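Model, not experiment: these values are computed from the prediction. Every heavy atom of this structure was used, including side-chain atoms; hydrogens, water molecules and symmetry mates were not.
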Amino acid sequence: MAAPRYKTLVDALASDIRAGRLAAGTRLPTHRGLAAREGIAVVTATRVYAELEAMGLVSREQGRGTFVRDIAVPAGHGIDLQVVATDAVDLNFNYPSLPGQADLLRQALRGLAGSGDLDSLLSYQPHRGRPQDRASIARHLRRRGLSPDLDQILVVNGAQHGLAVTVMATLGAGDVVAVDALTYPGFKVLAEAFRLDLEPIPVTPDGPDLDALAQVCARRPVRAIYTMPTLHNPLGRVMPADERTRLIEIARQHGSLLIEDASYAYLAEDPPPPLAATAPDITVHVTGLSKNLATGLRVGFVVAPAHLVPALERAVRATIWNTPALTTAIACGWLDDGTVDHLEARKRDDAKARQAIARQELAGLPLVGHPSSYFVWLPLPDDARADRLTATLARRHISVSTAEPFTTTTHTPQALRLALGSTDLDRLRTTLRTVRRVAVEDAYS
């Protein structure tokens, strides 16, 4: 049996793209233009482009058209943790580390080995975490402006796991969740896995456009609002106190749950209080120790309204049973002895130094970011091609991310997100010089 006409066309276009006969960045005909050229219906042309997009060969940009992607940039780049060549500089993911952290781990392991508690750490633990560990976390959170009861705290396997159990416990397939038009890719992955309906909200210099959010909530049944009010990823913004107050008012008015992601909040000095401090009855607060301690130490915390805790506890049980007690014991020991506070202060200084280098080496380019953040956002001209620029940098052994993993709208802006925390300062400086040179030659010339 002959293949359907549109399948033949998909195969032909895919072959041309993979063979380089259609170069990266080529603007393809409009849907109507393709239909007229090939003698097919417009709806069939739309199906052709949808299949090519699903294959990672083209990208559709609202108001601009359909473009051939640079297939040298692998699918999932910027959202999936992929192997980076040993001689490459990773400006895609952050692994902020400081000298001496490995020694701290050695000391902690020796301390555990000599403790009388070691046998208990090898046993099953309560799903939400041991009471003494949750007490350590509560003391830590009080320094962040929160004062939860112990029964409102759950220990999880990192902030991403915290977000996952929050989604599992509070949302279902088809639920509408308001998110920033540019947001954390890890939440997009969860939305896809759990079939959530993401409603993008435009971003402003202070955070989400709250007028637009209010209009969406009036028009649609927004079950939850996912937000990063302190050190937004990828834009680095800190929402002012009055904007937080209004966000809470909108959530209360429309019965929406607030999911507050505070993974990078430790980097901001003297930010306004967390949403969970003002609205603990409607806010699930999620954070962890991956960024302020070490990415391999998968310990996170969820603070939730009491009525949601049983469902969250079941979600922890369904996914990991309990966070490994050995890593939790190490993390809580560091919370209690001041190690976490010390490392956070050093990392704030480290992030400031890296931001200063970025501002120096990328001077004149329209950077967006916080002065003590581990990343910057680099918007590109509308006629630039971020995937082509990413591929060019990859050939120079530099890994960066485009806007695509962060985008929740149908239109993907042309931009790069540069993570600054995964290489030493000297190499960061020389790498950013290369980024600037390539960007100027490719996008700003």
Between [X] and [Y], what is the shortest heavy-atom contact and its length?
| X | Y | result |
| --- | --- | --- |
| Pro274 | Arg244 | CA-NH1, 4.1 Å |
| Pro305 | Asp281 | CG-O, 3.4 Å |
| Leu141 | Pro148 | CD1-CG, 4.1 Å |
| Leu312 | Val165 | CD2-O, 3.6 Å |
| Ala277 | Leu146 | N-CD2, 3.4 Å |
| Val316 | Asn322 | CG1-CA, 4.5 Å |

Intermediate values then yes/no, salt bridge (charged side-chain N to carboxylate O under 4.0 Å, His left out), Asp350 and Arg354: CA-CA 6 Å; Asp350 181 58; Arg354 293 169 185 274; 2.9 Å; yes

Would you check if the side chain of [X] reaches a backbone N or O of [Y] as a donor-acceptor pair within less than 3.5 Å?
| X | Y | result |
| --- | --- | --- |
| Thr323 | Val155 | yes |
| Asp261 | Ser263 | yes |
| Asn233 | Thr183 | no |
| Arg223 | Val176 | no |
| Thr204 | Asp209 | no |
| Thr287 | Ala262 | yes |
| His127 | Trp321 | yes |
| Glu260 | Leu275 | yes |
| Gln355 | Ser372 | no |
| Thr407 | Leu182 | no |

Distance under 6.0 Å and angle within 45° of ring axis: Arg144 vs Tyr266: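 No, Arg144 does not lie over the aromatic ring of Tyr266.
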
Arg417 charged N/C atom sitting above Phe375 aromatic ring, 6.0 Å / 45°: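 Yes, cation above the ring, under 6.0 Å and within 45°.
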
Verdict with reasoning, Arg429 to Gln360, per side chain to side chain donor-acceptor pair (under 3.5 Å): CA-CA 9 Å; Arg429 185 180 296 278; Gln360 293 166 4; 2.9 Å; yes

Chi angles and distances behind the salt bridge (charged side-chain N to carboxylate O under 4.0 Å, His left out) call for Arg128, Glu313: CA-CA 6 Å; Arg128 72 177 74 174; Glu313 190 170 14; 2.9 Å; yes

Side-chain ion pair, Arg246 and Asp211, N-O less than 4.0 Å: yes

Just verifying a value: how many Å separate [X] [atom1] and [Y] [atom2], rounded to the nearest 0.5 Å?
| X | Y | atom1 | atom2 | value |
| --- | --- | --- | --- | --- |
| Arg396 | Arg437 | CZ | CZ | 7.0 Å |
| Leu335 | Ile330 | CG | CD1 | 12.0 Å |
| Leu420 | Ile357 | CG | CD1 | 9.0 Å |
| Asp133 | Cys332 | CG | SG | 4.0 Å |

Parallel, tilted or perpendicular: ring planes of His140 versus Phe301, cut at 30 and 60 degrees: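 Perpendicular.
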
Close side-chain approach of [X] to [Y], heavy-atom, < 4.5 Å:
| X | Y | answer |
| --- | --- | --- |
| Ile320 | His161 | yes |
| Val203 | Asp180 | yes |
| Leu258 | Val284 | no |
| Phe187 | Val167 | yes |
| Ile225 | Val222 | yes |
| Arg298 | Ser290 | yes |
| Ser256 | Ile250 | no |
| Arg237 | Val368 | yes |

Stepwise salt bridge (charged side-chain N to carboxylate O under 4.0 Å, His left out) test for Glu404 and Lys188: CA-CA 11 Å; Glu404 185 173 1; Lys188 287 180 57 180; over 6 Å; no

Test log, rule salt bridge (charged side-chain N to carboxylate O under 4.0 Å, His left out), inputs Arg143 and Glu344: CA-CA 12 Å; Arg143 297 193 288 274; Glu344 286 181 345; over 6 Å; no

Centroid separation Tyr226 to Tyr184 less than 6.0 Å: no

Side chain to side chain donor-acceptor pair (under 3.5 Å) between Arg130 and Thr328, worked out: CA-CA 9 Å; Arg130 300 186 305 172; Thr328 302; over 6 Å; no

Over 12 foreign heavy atoms within 6.0 Å of CZ, Arg252: yes

CZ (Arg47) with more than 12 external heavy atoms under 6.0 Å: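 No, because the 6.0 Å sphere around CZ of Arg47 holds 12 heavy atoms or fewer from other groups.
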
